[in-house]
Amino acid sequence: MIDLKLLINDFDEVAQKLSKRNIDEVLLTTLKETTLQYKQKRVTLEDLQAKQNAKSKLFAQYAQEKKDIQELKKECDFLKSQITLHSQELEIWENKLQELSTTIPNIPDSKTPFGKDEQDNIEIKKVLTPREFSFKPKEHWELAQQNGWIDFERGVKLAKSRFSVLRDKAAKIERALINYMLDFNTQRGFNEIATPAIANAQTLFGTGQLPKFENDLFKIADFIDEEAPKDEPKGHQLYLIPTAEVTLTNLYRDEILAQENLPLMMTAYTPCFRKEAGSAGRDTRGIIRQHQFDKVELVAITTPKDSDAMQEYMVTCASDLLVSLGLPHRLIQLCGGDLGFSASNTIDIEVWLPGQNCYREISSISNTRDFQARRAKIRYKDANKKNILVHTLNGSSLAVGRTLVAIMENYQQEDGNIAIPEVLKPYLK
């Protein structure tokens, strides 16, 4: 969540920054007024509780002095009823504040340019020169059918549209890519971690997927936890994760970390699941946009002063990984209108696909500043023993299916065969 204290104290500056996202200032004004109302209601309640505590302490004194306690009792009963009423009212305002504040996206930082949509993103640089073909390159779905690598029809039969089956060499290359990416990242200092592919609602709230994007998630219906303690509910809403960012970041939810242990740098492979709500008709052929896909993720938790440098390091890591695979790509600075909900700034990496004759996103490296940390309550204790919100960062390294697509299109031969990048050959023995 955004810093509500900052919103109140520097409303004009916050509103100006959020204008990059086309957030209506009326909505921010409502949030500010709701916050102030909540604070006032809380102060009133705390004053009533303090008065009740003070009155309650008089009972012992009255008994010792043999005074009549009837009037005192009436006063305490009245305060008790007022506290009940104000507690109920405060809860209503707290729910209003929670509902409103959790729908406001992160504040874009100075690196994020103004812009309406992806057409206004800014190219930073290109890396590697695309290969010149002596023939018309095919798209990956054509190559997949020719080589028998991807079975689209049976994927639909097993599940539904936007699911597919990898066969033979494609399945082996995917496994090789996962192992290679994890090895590459660990050599760059990221600690390999394996997490569940299922998460609870609190976990998804921590990284910003809930409540705003619940319709994009696959839910596990009617899950009953028979092993839950007697004093805990047995029913828990669980979800399939859309990215390992969710589980890696929330490993440290509700924790205070030691500053000397920062940064925490993590990498993980997980299957990922997304409904792709609103994408009907887009990328219907091939495996560019699937409901289930594999991804290797990078996540870092660090101090505010080191988060910019960490983002640069993560971008370099993902870019170098593509260079090692011989895949041309470019770096793109996303504008405010194309920025993800939790991100303060994002650099996309787009890989060249000669069959499509265009660059397509294969990684997004985002700095969320303290936005996720505030939701997930992840802090560290600084040198003055003060608890400070960490900064969290995440990025794909890489989307495995799209990397397979890029290899197929960039390494295709005129006869339709597909060469293998040298770095992957040891993983295919």
Side-chain angles (χ1 to χ4, degrees), residues 1-9 14 31-32 34-35 38-39 42 46 90-91 93-107 109 191 193 195-196 198-214 217 229 231-233 236-239 241-266 268 297-307 310-311 340-344 366-394:
M1 294 180 288
I2 65 170
D3 187 345
L4 295 177
K5 185 184 294 185
L6 182 65
L7 177 70
I8 293 171
N9 295 336
V14 171
L31 176 57
K32 177 182 177 181
T34 303
T35 304
Y38 169 75
K39 286 179 177 293
R42 190 175 64 185
E46 289 171 351
L90 182 65
E91 184 178 358
W93 279 98
E94 185 176 17
N95 290 336
K96 286 182 180 179
L97 180 59
Q98 176 79 356
E99 182 179 352
L100 186 56
S101 64
T102 56
T103 63
I104 305 297
N106 199 356
I107 300 171
D109 63 28
N191 181 30
I193 294 176
T195 71
I198 294 174
N200 58 36
Q202 189 177 4
T203 296
L204 286 148
F205 175 84
T207 40
Q209 283 76 22
L210 288 178
K212 190 174 179 62
F213 302 103
E214 185 167 13
L217 302 171
D231 58 342
E232 292 184 10
H236 296 280
Q237 181 62 68
L238 297 177
Y239 302 81
I241 63 170
T243 167
E245 165 204 342
V246 172
T247 46
L248 288 176
T249 304
N250 278 279
L251 283 172
Y252 299 96
R253 188 178 70 233
D254 295 320
E255 292 189 26
I256 299 174
L257 307 172
Q259 184 172 357
E260 58 268 24
N261 293 335
L262 299 179
L264 296 172
M265 299 164 60
M266 298 167 280
E297 187 78 359
L298 298 175
V299 164
I301 297 176
T302 188
T303 60
K305 72 180 182 66
D306 292 331
S307 66
M310 179 58 70
Q311 185 178 22
F341 180 78
S342 295
S344 180
S366 299
N367 191 339
T368 76
R369 305 298 178 185
D370 61 9
F371 185 82
Q372 291 180 333
R374 184 171 288 105
R375 296 171 75 103
K377 296 181 176 62
I378 309 173
R379 294 151 291 172
Y380 73 96
K381 197 173 291 291
D382 68 5
N384 297 319
K385 304 301 181 183
K386 183 179 179 181
N387 293 336
I388 308 293
L389 289 169
V390 300
H391 279 196
T392 63
L393 303 95
N394 63 80

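Any value given below was found using the heavy atoms of this structure, including those in side chains, with hydrogens, waters and symmetry copies removed. When a residue number appears, it is its place in the shown sequence, counting from 1.
Across all non-hydrogen atoms, the minimal contact from Met1 to Arg374 is O-NH1, 2.9 Å. The two residues Pro304 and Tyr380 have their closest heavy-atom pair at CD-OH, 3.6 Å. Minimum interatomic distance between Asn106 and Phe371 (heavy atoms only, all atoms of both residues): ND2-CB, 3.2 Å. Annotation for Ala373 and Leu389: closest pair O-CD2, 3.6 Å, computed over non-hydrogen atoms. For the residue pair Ala268 and Ala244, the shortest heavy atom distance occurs at CB-CB, 4.3 Å.
From Arg369, atom CZ reaches atom OG of Ser342 across 14.0 Å, with rounding to the nearest 0.5 Å. Atom-to-atom distance recorded for Asn394:CG and Glu297:CD is 5.5 Å, nearest 0.5 angstrom. Taking NZ of Lys32 as the start and CD1 of Ile8 as the end, the distance is 7.5 Å to the nearest 0.5 Å. The line from CG of Leu100 to NZ of Lys96 is 10.5 Å long, rounded to the nearest 0.5 Å. One distance of note links CZ of Arg375 with CG of Leu210; it measures 8.5 Å at 0.5 Å rounding. Taken to the nearest 0.5 Å, the CD1 atom of Ile107 stands 7.5 Å off from the CG atom of Asp3.
Annotation for Lys377: atom NZ does not count as buried by contact number, only 12 or fewer foreign heavy atoms lying within 6.0 Å. Counting non-hydrogen atoms of neighbouring residues, nucleotides and ligands closer than 6.0 angstrom, the CD atom of Glu91 reaches no more than 12 such neighbours. Atom CD of Glu255 sits in a crowded spot, with more than 12 heavy atoms from other residues, nucleotides or ligands closer than 6.0 Å.
When side chains are defined from C-beta on, Val299 does not count as touching Ile193, because their heavy atoms never get closer than 4.5 Å. Using a 4.5 Å heavy-atom cutoff, the side chains of Met266 and Tyr252 are in contact. Using a 4.5 Å heavy-atom threshold, the side chains of Thr102 and Lys212 count as separate. A 4.5 Å side-chain heavy-atom check between Ile2 and Leu6 finds every atom pair outside the cut-off. Within the 4.5 Å cutoff, no side-chain heavy atoms of Ile241 are placed close to those of Ile198. With a 4.5 Å cut-off on side-chain heavy atoms, Thr303 and Val390 do not count as touching. Counting heavy atoms from C-beta outward, Ser101 and Leu7 have side chains that stay 4.5 Å or more apart.
When Leu248, Asn261, Leu251, Leu264 are each tested for a side-chain contact (heavy atoms from CB on, under 4.5 Å) with Ile301, only one passes: Leu264.
Residues forming a side-chain contact (heavy atoms from CB on, under 4.5 Å) with Gln202 (at least two apart in sequence, or on another chain): Asn200, Arg253, Asp254. The salt bridge (charged side-chain N to carboxylate O under 4.0 Å, His left out) search around Asp382 returns none, not counting sequence neighbours. Every residue meeting the side-chain contact (heavy atoms from CB on, under 4.5 Å) condition with Thr207, not counting sequence neighbours, appears here in chain and number order: Gln209, Glu245, Val246, Thr249, Asn250, Gln372.
Judged by distance alone, with hydrogens and angles left aside, the side-chain atoms of Asn9 form a donor-acceptor pair with the main-chain N or O of Lys5 at under 3.5 Å. Although no hydrogens or angles enter the test, the distance criterion places a donor-acceptor pair under 3.5 Å between the side chain of Ser344 and the main chain of Asp109. Judged by distance alone, the side chain of Arg379 and the main-chain N or O of Ile256 form no donor-acceptor pair under 3.5 Å.
A side-chain N or O of Asn367 and one of Ser307 form a donor-acceptor pair less than 3.5 Å apart.
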